[in-house]
Amino acid sequence: MSDTVPVRVPKVTMAAVDATFLGWLVGDGTRVRELQPIYAIATDKVEVEVESPAAGVLRHGEVETDADYPVGTQVGVIEAG
């Protein structure tokens, strides 16, 4: 069994408590590099592409596009190795 690294909604501004999930930039099951942009989010002040926290295979979580999620919410995992 491989190790997994959680993919979470980051705090992109000091005031941010949640973010709108805009969509995945890479498909489920795709091998990604560490720091590769993998999904996009928006707050009331900024829109950003979120980078992969590790290299491995991305597995999407059950998140909806254009839905709001609190900072720290797990939206997927990276299967490392």
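Reckoned from all heavy atoms, side chains included, excluding hydrogens, waters and symmetry mates. Since the structure is predicted, the reported quantities are computational estimates derived from the model, not experimental observations.
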Do [X] and [Y] have side chains that approach each other closer than 4.5 Å (heavy atoms only, starting at C-beta)?
X     : Y     : result
Pro10 : Val50 : yes
Val75 : Tyr39 : yes
Val57 : Val32 : no
Thr20 : Thr43 : no
Val5  : Val77 : no

Measuring from [X]:[atom1] to [Y]:[atom2], what's the distance to the nearest 0.5 Å?
X     : Y     : atom1 : atom2 : answer
Asp44 : Asp18 : CG    : CG    : 8.5 Å
Glu51 : Leu35 : CD    : CG    : 5.0 Å
Glu79 : Arg31 : CD    : CZ    : 9.5 Å
Gln36 : Glu49 : CD    : CD    : 10.5 Å
Ile78 : Ser52 : CD1   : OG    : 3.5 Å

> Between Val7 and Gln74, does a side chain to side chain contact (heavy atoms under 4.5 Å, CB included) hold up when you go through it step by step?
Replying inline: CA-CA 6 Å; Val7 175; Gln74 185 171 326; 5.7 Å; no
> Can any side-chain N or O of Lys11 pair as donor or acceptor with the backbone N or O of Val17 at less than 3.5 Å?
Replying inline: no
>> Checking the side chain of Tyr69 only, and the main-chain atoms of Glu64 only, is there a donor and an acceptor separated by less than 3.5 Å?
In response: yes
>> Apply side chain to side chain contact (heavy atoms under 4.5 Å, CB included) to residues Phe21 and Thr73 and explain how you reach the verdict.
In response: CA-CA 11 Å; Phe21 185 84; Thr73 299; over 6 Å; no
>> Applying side chain to side chain contact (heavy atoms under 4.5 Å, CB included) to Ile38 and Leu25, what does each step give before you reach the verdict?
In response: CA-CA 5 Å; Ile38 56 174; Leu25 303 175; 5.7 Å; no
> Once the angle between the rings of Trp24 and His60 is folded into 0 to 90°, is it parallel (under 30°), tilted (30 to 60°) or perpendicular (over 60°)?
Replying inline: parallel
> Above 12 or not: heavy atoms from other molecules or residues under 6.0 Å from CZ of Arg33?
Replying inline: no
